[in-house]
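Whatever order the structure lists ligands and atoms in, that order sets their numbers, starting from 1. Quantities reported herein were computed from a predicted structural model and do not represent experimental measurements.
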Amino acid sequence: MQEVSLGSFPATSGEMSDKVRHFNWAATPLGPIQNWPQVLRTTVELVLANAFPACLVWGSDMIALYNDAFLPLLGNKPEPLGRSFRDIWSEVWADIGPIAARALAGEPTFIRDLPLMINRRGFSEPAWFTFSYSPVRNEHGQVVGFLDTVMETTESILAQLRTHELAASFERQVAERTADRNRLWQLSSDIILVTRPDLAVVTLNPAWEQVLGWTECQLLGSSVLDLVHVDDRPLVLAAAALLTRGEPVQDLDCRLRDSQGGYRWINWAAVPGDGFFNAVGRDVTVDRERAEALRQAEELLRHSQKMEAVGQLTGGLAHDFNNLLTGITGSLELLRRRIAQGRFNELDRYLDAAHGAATRAATLTHRLLAFARRQTLDPRPTDVVQLIEDLRDLIRQTLGPTVVLDWQPGAAPWTVLVDPNQLESTLLNLCINARDAMPDGGHLVLEVHHHEQSHPALTEDELPPGQYLCLSVIDSGTGMRPEVIERAFDPFFTTKPLGQGTGLGLSMVYGFARQSGGRVRIESTLGQGTAVRLYLPRHLGAAQAPAGPCAAAVARPARMGETVVLIDDEATLRMLVAEQLEEMGYQVLQAADGVAGLALLQMTGEVDLLITDVGLPGGLNGRQVADAAARIRPGLKVLFITGYAEQAVIERSNLEPGMHLLVKPFAMQALTERVRAVLDA
Ligand code: ADP
Ligand code: MG
C-alpha cells in the first residue's frame, strides 16, 4: 500500500482535487485540512476519485465538497466549494431539504427523475435528477454527513417529452384529419366512391343515396360499371386503365343509373392509391340539360333566322307560283280546245309553255326546300357565278318589284371552297338587308371580282395574303352609321323593330366567312348606300357541275278588234292571256314591266282595257301604272290580275270605279268572261 503524506492529501488528481488541496478549509466549519478525521479524508478521496457526479455533504452545516463530474450540474452558480449545500441549492431547498434531512438522520434515499426548477444560468429552468443520498457514519456509528451521487436526466426526459408531445400532436392531427374526412364523407353533396381496380365497390358515401338513390349495402361488392350507361362504358374503362397505370383522371362525364331506372350525368375526378381507386363525382345533369337546351335554342334561332328568310320569300313565291300554275292550267286549256277544234299543228307550243312553267316551278320549289333544309357546313368547290344565276329568281322575289337587280357576272371564273347552301343563305340574308334598307325602292348590284392580297395581315381581322373571290352586295339604301357598322356583326344586334329583325343575319354571314377561311367587310355611306363584300379564298380545281338553268317561256305579239294593254312580268302567263284574248278577237299589246307598259299606253291610239299584274319589276308597280294611266287616259278601265298576297293590299287601298280585280290562278274561261264584263260595264 502506498504511503500518503499529509501534504499530498487528497491523493487524487484533477481540477477539484487541486482545489480541495489548496482551499482555505480553516475558514470553514471543517477546519484545517490536516485536522480532518479519517472518515472525512476517506470519503473525500472516494468522492474525488469517482467518475460519476458526486458531492459530499458534511456536518450539520452541510459543507459541500464535490468532484469534477459534478461541476456541469452546477452551471454558473457562485463557487460552491466549502459552502453550505443548502445555500448552493437554495432555490430548490423546499424540494430537497427534507431528503437531505432524512439522509442526515441516517436514512438513505434513491429518487429517480426528480423534477426541479433550478437556477444555474441566471434564469429558472426545469431539470431532472436521479440521485441517491447515502449517510456517512464515523467510527462511533454517528451520521456525520451524506454522499450525494447524482445523474442529471434532463436531456433524456426532455427528449422523451418531445417525442410524447410530437406523438400526441400527431395523434391529434390524425384524429382531426379523420374527423375532417368523415365530415366530408358524411356531408359532401358530391358522391364519393372507393373501388378495387376491377371497379368493384369497396365503399361509398351517403350522398349516393341523395343523388342516385343507392345505399352502400345495395352496391357493396358489385361492379360500378353495371351502373354506367352502356354508351359511356368504353370511356369509363379507358379511365380505369389510366388509373391502373397510376395516372389520375379528371373531368370524366358519364351517366349513372339511379335507383329509379333513370340516368344522371356525373362529372368525375379520380386518383389511384393504396391499391384502390378513389373517385369524387358531381351531379351535372342540370348543367348538361341547360347546356343542351341552350344549344337547341341556338340551333332553333339559327334555323328560325333561315326560316325568316324563307318567310320573306314565300310571299313573293306564292305570287310566282300562281303565275306558273296559271301558265300551266292555261296551256292545258288551250291545248284541249285546239284538240277539240282538230287543230293539231301548234300543239307543241302549248306543251312547251306548260312544261317550261312546270320546270320553273319545280326549280323554285327545289331551291326553296334546299334553302330551308337544316344543313351543316359542307364545303365543296363552288362556282359562285353559277350559284348566283341559280338563285337569281329567289333574289328577285326577295327584293320585290321596287328594287332593280343589277347582276353582272363579269370575268371572275375562280372557284371557291365553301358550303354552297350557306353561301346561298348568306347571299339571301345580304339581299334581305339591302331590301330592308331600301323601303322606297332602289338598286341592288351584285358583283363578283378577283382580289389578290399580297401584304401580310397585321391584325387577326385583316385578310391573310392569298387569292380571293370577292362577292359584293351593294345597295342604294339608307346606309349605316359608323356605330352601327361597328356592331352590325354582333349576334342579336338589330336596328329593326321587334319582330322584324333578329340581328342574326350578319353574325351568320360573319361566321360563314370566317369558317370558310375568308372575311367580310362593310363599306357604307349614310344616305347613299352600303356595300357588303365577302372575300372567299380561291380554290384551285374545278367546280361541281351546277344544275341546269330554267326553261324560258316564249312570248308572241298579236293584234285585232278591241285593244288591251297587258302588263305582266311572267312571260308564260302573259303569253297565255294574250293568246286567249287574241282568240276572242282582242288586240293585245304586251309589256313585261310598268315603265314599258306605261310607254305602250302613251304611244297607242285606242286602248280599251289595261290588264296588269300588281307586283312588277322596273320601279313602277301595277297600282302606280294604273294611277298614271288614269291621268293619261281618264276613264280607262283597269283589271288587276294578282296573286293572293297582293290582293289584300289592293283591296285595302279601295278600288276606284273602273278598276277590277282577278285573283290568280284563274281559268282562261274566267278571264275572258271577266274581260267582257269589265268592258261592258
Ligand atoms: P337584322 O337584319 O335582323 O336586323 P342583321 O345582322 O342582318 O340583323 O343586321 C344588323 C343590322 O345591321 C341591321 O339591323 C341594320 O341596322 C344594319 N344593316 C345590315 N345591312 C344593312 C344594309 N344593307 N344597309 C343598312 N343597314 C344595314
Ligand atoms: Mg338581316
Side-chain angles (χ1 to χ4, degrees), residues 297-316 371-372 377 388 391-392 394-408 418-419 421-449 461 470-516 518-536 619:
E298 279 171 0
E299 181 67 21
L300 213 66
L301 214 54
R302 247 195 296 284
H303 191 58
S304 74
Q305 171 66 13
K306 200 151 85 172
M307 293 320 289
E308 182 194 282
V310 173
Q312 309 261 20
L313 295 169
T314 35
F371 177 65
L377 211 58
I388 296 174
L391 214 60
R392 194 163 49 174
L394 270 186
I395 293 173
R396 215 171 244 146
Q397 289 306 331
T398 305
L399 295 175
T402 58
V403 174
V404 177
L405 174 64
D406 184 359
W407 157 230
Q408 273 135 21
V418 294
D419 180 327
N421 290 303
Q422 293 273 359
L423 181 56
E424 286 179 359
S425 247
T426 292
L427 190 55
L428 281 170
N429 267 306
L430 294 179
C431 290
I432 291 170
N433 279 351
R435 182 204 59 195
D436 290 350
M438 301 184 284
D440 302 321
H443 281 261
L444 182 103
V445 181
L446 292 182
E447 251 176 35
V448 176
H449 66 263
D461 209 39
C470 175
L471 163 61
S472 305
V473 179
I474 306 159
D475 66 59
S476 61
T478 53
M480 300 160 78
R481 296 179 186 285
E483 60 270 23
V484 172
I485 299 180
E486 182 93 351
R487 300 193 53 201
F489 292 122
D490 291 357
F492 305 112
F493 174 79
T494 180
T495 57
K496 295 170 191 174
L498 196 73
Q500 281 186 31
T502 57
L504 285 175
L506 283 180
S507 89
M508 275 173 52
V509 171
Y510 181 89
F512 165 72
R514 283 297 181 114
Q515 264 180 297
S516 308
R519 296 288 186 275
V520 55
R521 300 258 174 285
I522 295 178
E523 296 157 16
S524 187
T525 311
L526 208 59
Q528 290 185 23
T530 302
V532 181
R533 300 192 197 278
L534 197 62
Y535 293 88
L536 300 169

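For a threshold of 3.5 Å applied to N or O pairs, the pair formed by L506 and ligand 1 contains at least one separation below that value. For ligand 1, the polar-atom distance check against D436 finds no nitrogen or oxygen pair separated by under 3.5 Å.
Looking only at side-chain heavy atoms (C-beta outward), I474 and E447 come within less than 4.5 Å of each other.
Residue-ligand proximity, F493 to ligand 1, at heavy-atom distances under 4.0 Å covers atoms 8 (O), 10 (C). Close contacts between ligand 1 and A488 involve ligand atoms 6 (O), 10 (C), 12 (O) [criterion: under 4.0 Å to a heavy atom]. Residue G505 has at least one heavy-atom neighbour below 4.0 Å for each of these atoms of ligand 1: 5 (P), 6 (O), 7 (O).
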Counting only pairs under 3.5 Å, give me each side-chain donor-acceptor contact of residues 478-485, with atom names and distances, residues two or more places apart or in other chains.
none

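In this structure, the separation between OG1 on T426 and CG on L471 is 9.0 Å, given to the nearest 0.5 Å. The line from CD of E424 to CG of L391 is 5.0 Å long, rounded to the nearest 0.5 Å.
Ligand 1 lies within reach of G479, whose nearest heavy atom is under 4.0 Å from it.
For the pair S476 (side chain) and L444 (backbone), a donor-acceptor distance under 3.5 Å is absent. The main-chain N or O of V418 is never found under 3.5 Å from a side-chain atom of S516 such that the two would form a donor-acceptor pair.
With distances taken over non-hydrogen atoms, the option nearest atom 15 (C) of ligand 1 out of V509, I522, V532, T495 is T495. In this structure, of R487, M480, K496, the residue bringing a heavy atom nearest to atom 17 (C) of ligand 1 is M480.
Contacts with ligand 1 closer than 4.0 Å are made by side-chain heavy atoms of T530 only, the backbone lying farther away. For D475, every heavy-atom contact with ligand 1 shorter than 4.0 Å involves the side chain, none the backbone.
For E523, the salt bridge (charged side-chain N to carboxylate O under 4.0 Å, His left out) partners are R533, not counting sequence neighbours.
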